[in-house]
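Sequence lines set the chain letters: A, B, ... in the order given, protein chains first and strands last, and positions in each chain run from 1. Note that the structure is predicted; figures quoted are calculated from it, not measured.
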Protein chains: 2
Amino acid sequence: MNQRKDSGGTAAPVKAKRAAATGSPSERREHLVKLAAELFARKGFQATTVREIALEAGILSGSLYHHFDSKETIVDEVLRTFLEDVTARYRAALASEDDPRAVLSEMVRIGFGTLEVHRAAITVMQNDWNYLRSLPGDRFDYLVRAEDEIERMWMEQIKRGQAVGQFRADVDPKLTYRMMRDTIWVTVRWFRPNGRLDTTTIADHFVKVVFDGLATGRRHS
Amino acid sequence: MNQRKDSGGTAAPVKAKRAAATGSPSERREHLVKLAAELFARKGFQATTVREIALEAGILSGSLYHHFDSKETIVDEVLRTFLEDVTARYRAALASEDDPRAVLSEMVRIGFGTLEVHRAAITVMQNDWNYLRSLPGDRFDYLVRAEDEIERMWMEQIKRGQAVGQFRADVDPKLTYRMMRDTIWVTVRWFRPNGRLDTTTIADHFVKVVFDGLATGRRHS
DNA sequence: GTCTATAACTAGATAGAC
DNA sequence: GTCTATCTAGTTATAGAC
């Protein structure tokens with residue numbers, strides 16, 4: 001099935017979904033990146049071929065190279081866009097509020113909030129992180145740099161919260177940060193926009209459990 | 001680099017790591033699966049070639065097909081082994097104890113405990129789940145079946161705990177289950193055996209935070 | 001900006017000798 | 001149980017016509 005006489009990089013687009021061919025060149029590019037991100041998220045970066053991306057866009061694989069010089073460039077743009085947005089939001093949260101617990105719960109809300117807009121990017125980041133990092137060259141080193149900056153911002157709030165007595169001091173700050181970070185991002189595995197649970201509900205649940213605990217009755221010791 | 005006159009399925013093993021060639025056939029097979037699992041975990045299932053697996057074992061790719069009929073069969077065995085072990089442990093925990101909170105914290109400990117033995121398998125399961133599920137055929141349907149059985153076991157304990165008043169009733173059981181499950185497995189991303197934190201420490205931290213909360217002071221309303 | 005045609009290569013898998 | 005040799009199919013990417 002899906003037979004075509006070309007085994008190479010072609011195949012007439014025939015009845016492909018050629019979407020809005022209007023708009024500026026940069027909008028066109030963004031649109032292509034978005035389509036690719038969805039495919040990367042669904043099947044994985046490597047399992048997604050440039051032919052599939054092109055087909056989805058209603059063009060042929062060769063034409064894709066008018067917009068991007070490689071498949072890596074596309075996934076690069078997917079991840080970079082997400083990381084720039086989320087770090088910017090975190091910085092804004094830090095600047096607008098001082099109370100550690102307030103900042104931290106705002107950061108939790110920001111994290112879950114990105115699930116809607118950046119669902120595909122987050123999925124790719126989680127599933128293909130190891131692979132992209134294993135590629136030769138330093139092209140994806142910024143992934144680790146962004147991760148480090150985000151870690152610093154979280155850790156600072158956790159430690160300040162402990163220092164002022166808002167958070168219990170008998171928990172490892174780094175372990176706590178990782179637990180919070182992972183629990184937020186990993187939600188993309190099952191989160192569905194327009195599903196039973198919206199990101200605000202999920203964030204509230206998370207804050208409730210992590211801050212106050214699941215158990216009833218007296219507090220720890 | 002790494003140049004050889006063969007572009008096919010060959011390449012003299014030369015100075016490869018040919019390990020213990022002794023032992024029963026089934027031990028040999030298990031050993032190969034283990035080597036493959038490590039590669040799958042590091043680079044991803046698709047990025048790992050049968051040639052790399054063979055090289056790691058000190059044989060040629062063609063020889064691998066004496067043991068397995070396909071690359072998929074190998075990853076199948078990796079995941080199946082892990083899932084069978086963990087579900088068996090969960091069942092034992094349910095059988096040996098009745099108190100919901102005790103069972104649940106035991107399940108948490110079991111989860112983190114598998115990180116050491118099954119680190120590679122868990123990594124593969126997380127990173128390549130979407131891809132394996134997207135493959136045609138029903139070969140990997142058991143992934144979802146195992147997931148469902150595990151979910152039932154956890155949910156039962158959470159709901160019983162709420163019914164007997166051990167856990168607060170104002171949290172969504174399913175959301176709570178997902179949060180606990182994800183937080184445990186995702187730990188493979190950064191967990192290193194023989195690192196600063198062992199699985200017991202991580203499990204204790206987890207139970208502390210999730211059961212009693214991070215905040216100091218009075219309990220939730 | 002897209003298509004045609006193809007280059008250059010790598011993947012998983014097989015058949016049969018040893 | 002391993003190696004030799006090879007097949008088939010699929011991959012990213014390019015060059016130039018339109």
**Q.** B/Arg28 side-chain proximity, nearest of C/dT2, D/dT2, C/dG12
**A.** D/dT2

(Q) Could you work out, with side chain to side chain donor-acceptor pair (under 3.5 Å) as the rule, every residue matching B/Thr48, not counting sequence neighbours? (A) none

(Q) Short of 4.0 Å, heavy atom to strand atom, which residues of residues 127-137 of chain B count as contacting DNA chain D? (A) none

Q. Over how many whole Å does the gap from A/Leu39 atom CG to D/dT12 atom C1' extend?
A. 16 Å

Q. Have B/Thr176 and A/His205 got a donor and an acceptor in their side chains that come within less than 3.5 Å?
A. yes

Q.
Going by salt bridge (charged side-chain N to carboxylate O under 4.0 Å, His left out), name the residues that satisfy it together with A/Arg139, two or more places apart in sequence or in a different chain.
A. A/Glu72, A/Asp76

**Q.** Atom-to-atom span, CD of A/Gln46 to P of C/dG12 - whole angstrom
**A.** 11 Å

Q. Separation of A/Leu60 atom CG from D/dT12 atom C1', in whole Å?
A. 15 Å

(Q) Holding to salt bridge (charged side-chain N to carboxylate O under 4.0 Å, His left out), I want the full list of residues that pass it with B/Glu147, two or more places apart in sequence or in another chain. (A) B/Arg181

Q | Atom-to-atom span, CD1 of A/Ile59 to P of C/dT4 - whole angstrom | A | 13 Å

Q.
Suppose we screen for side chain to side chain donor-acceptor pair (under 3.5 Å). Which residues come up paired with B/Arg109, at least two apart in sequence or across chains?
A. B/Asp204

Q.
Enumerate the salt bridge (Lys or Arg N to Asp or Glu O under 4.0 Å) contacts for residues 187-198 of chain A, please, sequence neighbours excluded, ordered by first and then second residue.
A. A/Arg196-B/Asp172

Q | Residues which pass side chain to side chain donor-acceptor pair (under 3.5 Å) with A/His67, listed by chain and number, not counting sequence neighbours | A | none

Q.
Just to be sure I understand the geometry, which residues of residues 63-76 of chain A put a non-hydrogen atom under 4.0 Å away from DNA chain C?
A. A/Ser63, A/His66, A/His67

Q. Residues in salt bridge (charged side-chain N to carboxylate O under 4.0 Å, His left out) with B/Asp69, at least two apart?
A. none

Q.
Can you list everything that forms a salt bridge (charged side-chain N to carboxylate O under 4.0 Å, His left out) with B/Lys174? Sequence neighbours excluded, please.
A. B/Glu151

Q: Send over the distance from A/Leu55 CG to C/dT2 P, rounded to a whole Å.
A: 14 Å

Q.
Can you give me the bend angle of the helix from C/dG1-D/dC18 to C/dC18-D/dG1? Use the axis through the first five pairs and the one through the last five, nearest 10 degrees.
A. 10°

**Q.** Sequence neighbours excluded - ring-ring contact (aromatic ring centres under 6.0 Å, His included) pairs with any residue from residues 127-146 of chain B
**A.** none

Q: Please determine if A/Glu106 and A/Arg89 form a salt bridge, counting it only when a charged side-chain N lies under 4.0 Å from a carboxylate O.
A: no

Q: Classify the side chain of B/Arg51 and the base of C/dG12 as holding, or not holding, a donor-acceptor pair under 3.5 Å.
A: yes

